[in-house]
Amino acid sequence: MIREYKTIQEIASPLMVVRQVEGVTYDELGELELPNGEIRRCKVLEVEGDKAVVQLFESAQGINLAETKVRFLGHPLELGVSEDMLGRVFNGMGEPIDGGPAILADAHRDINGLPMNPAARAYPAEFIQTGVSTIDGLNTLVRGQKLPIFSCSGLPHAALAAQIARQARVLGANENFAVVFAAIGITFEESEYFINDFRRTGAIDRTVVFSNLANDPAVERISTPRMALTAAEYLAFEKDMHVLVILTDITNYAEALREISAAKKEVPGRRGYPGYLYTDLAQMYERAGRRIGKKGSITMIPILTMPEDDKTHPIPDLTGYITEGQIILSRELHRKGVVPPVDVLPSLSRLKDKGIGEGKTREDHSGTMNQLFAAYARGKDAKELMTILGEAALSDDDKLFAKFADEFERRYVSQGNDTNRTIEETLDLGWELLSILPRKELKRIKPEYIEKYMPESK
C-alpha cells in the first residue's frame, strides 16, 4: 500500500526533508503531487529515524509545504527496456523525446545495476573496428574494454564521438552490433548535432540515444549514464548483441555529483569533489565487459574534457586508474588542422595486444604498430632538434625521420571525420609511411613481413 504524506518540513533545492515517514528506503523513487495536480519526481537520499531527505528531479518552484502530497513508490528509478529502443531518442530520465510512441517494455530494470563480478568476466580478446586509424592501428579497441577519450575544452571530441558511433563494427558475418549513446549535460546545439548526424548517416537505426541537456536538473545528469548502461546490459546479455556505449561528457557528470554533494553538506575531497568520486565512477565503468557464458558484450568509450587541460585533475586521474588506457586529444595537433587531433604517443590501450594479430586483424599488426610508435617518437625528437640547432645539424637519417613524422601526422593521424578506414587500409597506409625510412631502421618488424608487405624497397 502506497502512503501519502503532507509532512514536508523544509526545502533547500534540490533537497527536501519529509518527516513522519515509515518504511522508506534509500534510493526509493517518490512522487510529489502539487495542489494544482502537477506531478514531480524525487528519490530518497537519506533516511534517519522518521525523516527522509529526498532529492527533486525538477525545480522546487511552486511547491506549497502544507498542501503538497508526497508518495514513495516502493522501488528505485527504473527503465523500461525493449529491443524497440533501437532507433529512438530519450531524455536523461528514459522518456522518449523524438515524437514517437512510448516503449512497450519487455521488463523494467533498476538503473543502478551492479558492477560485473570479476569471477564472471570473460577476458576481452576480440577486435572492434572503429574506422579511425589512430585507434585501430595503434591503440586498438577490444570487445569488452573501457577506453576513455581525454579531450580539452574546445577540441572536436564531439565529432570524434559521432564518427566512432556511426563507424564502429565487430568484424564477422552475423554479429549483432548496437550503439548506446549518452549525452550528459551538453548544449542543445551539441545534442542536435549528434541526433542529426546519426539520422543523416542511418546510424540511428542501431543506436539508442539518451540526451541530457545542460539546463536539465543535476540529478537527471546522475541518472543518464545509468539509464544508458541499463539499456546496454539488456541488449548485450538478454539479446546477445555487441554494444558500444559512448558517454560524453563525464566531466559534466562529476560536476553534478559535486553539486549534489555540496547541497547535502558532505565533507569535500580533492578540488571539492566528494570523497566517493572514485567509487562512484568505478561502479559505473565496471558495468562494461564480457560475461562468461553470454554471447553479448559491452564496450565503453567514456569521453571527458580535462579541466584546465590537466591530466592530473581528479576526473581524468581516477578514470585512468579504473579503465584500460586512454586516447588523448592534442591542442597542438588541432592548431595544425589535424582531424581528429589524436596524440598517439601518450595515448594507450592496455589491451591492444589481446585484440590484434593473425585471425583477428593481420599478422603484421603488432610489428608495424611498434615500429610506427618508435619512428614517430624519433621523428618528433629530430624536429625539436631542428628547431633548436637548424636542419644542418641533423644526419640524413634524422631528416628522413622528421619527414616521416610530418607525413604520419598529415596522412595517418589526419583522416577527417568522414573517412572510414578498414583495418587493412590502416595497416597498408602504415607500410606506405614506413617505406620513407631506410630498411635498416625497421628493427621492430620481422624481415619476412617486410618482404611481404613493404610496397617498395628502399
Side-chain angles (χ1 to χ4, degrees), residues 1-80 88-105 108-112 183-188 191-192 209-224 226-227 230 252 256-257 259-265:
M1 177 181 154
I2 296 176
R3 294 186 180 181
E4 286 189 348
Y5 299 92
K6 277 190 175 181
T7 51
I8 300 173
Q9 183 175 328
E10 61 176 299
I11 297 176
S13 186
L15 303 183
M16 183 174 77
V17 179
V18 186
R19 56 190 173 80
Q20 296 175 15
V21 297
E22 289 182 21
V24 175
T25 57
Y26 171 74
D27 232 19
E28 188 174 340
L29 194 63
E31 287 182 347
L32 277 75
E33 185 179 334
L34 275 58
N36 64 1
E38 182 186 348
I39 301 291
R40 298 183 191 174
R41 289 193 292 179
C42 60
K43 76 170 182 178
V44 178
L45 289 184
E46 193 177 308
V47 181
E48 185 177 342
D50 68 345
K51 282 187 181 180
V53 178
V54 302
Q55 184 169 9
L56 300 168
F57 286 122
E58 290 98 357
S59 161
Q61 189 174 358
I63 295 177
N64 181 315
L65 269 64
E67 296 298 322
T68 299
K69 300 173 187 174
V70 184
R71 292 186 288 269
F72 295 101
L73 305 182
H75 60 79
L77 189 57
E78 294 178 332
L79 175 68
R88 301 294 303 276
V89 181
F90 303 87
N91 65 12
M93 299 300 290
E95 297 159 343
I97 55 171
D98 55 3
I103 295 292
L104 293 174
H108 287 83
R109 298 283 164 83
D110 178 359
I111 67 161
N112 296 297
I184 306 163
I186 64 172
T187 63
F188 178 77
S191 175
E192 286 299 293
V209 179
F210 292 88
S211 179
N212 164 261
L213 301 181
N215 61 340
D216 288 330
V219 66
E220 184 175 309
R221 209 151 298 147
I222 303 298
S223 302
T224 304
R226 291 175 167 79
M227 289 278 178
T230 304
N252 294 334
L257 209 63
E259 181 183 329
I260 290 162
S261 174
K264 289 159 68 178
K265 296 184 171 59

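If you're wondering where the values come from, they're calculated on a predicted model, not measured in any experiment. Values below: every heavy atom of this structure, side chains too, minus hydrogens, waters and symmetry copies.
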Subject >> L77 and M227: CA distance, side-chain angles, deciding distance, side-chain contact (heavy atoms from CB on, under 4.5 Å) verdict >> reply: CA-CA 9 Å; L77 189 57; M227 289 278 178; 3.9 Å; yes

**OP:** Check the pair D27, K43 against salt bridge (Lys or Arg N to Asp or Glu O under 4.0 Å), reporting the backbone distance first and the verdict last.
**Re:** CA-CA 6 Å; D27 232 19; K43 76 170 182 178; 3.6 Å; yes

What closest approach, in Å, do [X] and [Y] show between heavy atoms, and which atom pair accounts for it?
X    : Y   : result
A102 : P96 : CA-CG, 4.2 Å
L79  : G94 : CD1-CA, 4.0 Å
A52  : V24 : CB-CG1, 4.4 Å
E10  : L65 : CA-CD2, 4.1 Å

With distance as the sole test, does [X] use its side chain to make a donor-acceptor pair with the main-chain N or O of [Y] at under 3.5 Å?
X    : Y    : result
R221 : N212 : no
E220 : G92  : yes
S211 : A183 : no
D98  : V89  : yes
E28  : T25  : yes

Original post:
Under a 4.0 Å N-O cut-off, is there an ion pair linking R41 with E95?
Top reply: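 Salt bridge: yes.
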
Subject >> Side chains of D216 and N91, donor plus acceptor under 3.5 Å >> reply: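 The answer is no; no qualifying pair exists.
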
**OP:** Please lay out, stage by stage, how N64 and L34 fare under the test side-chain contact (heavy atoms from CB on, under 4.5 Å).
**Re:** CA-CA 7 Å; N64 181 315; L34 275 58; over 6 Å; no

Original post:
Checking side-chain contact (heavy atoms from CB on, under 4.5 Å) for the pair V53/K264: CA distance, chi angles, key distance, verdict?
Top reply: CA-CA 9 Å; V53 178; K264 289 159 68 178; 5.7 Å; no

Original post:
In Å, rounded to the nearest 0.5 Å, how long is the span from OH of Y5 to NZ of K69?
Top reply: 14.5 Å

Original post:
Can you check side-chain contact (heavy atoms from CB on, under 4.5 Å) on I222 and L257, steps first, answer last?
Top reply: CA-CA 7 Å; I222 303 298; L257 209 63; 3.5 Å; yes

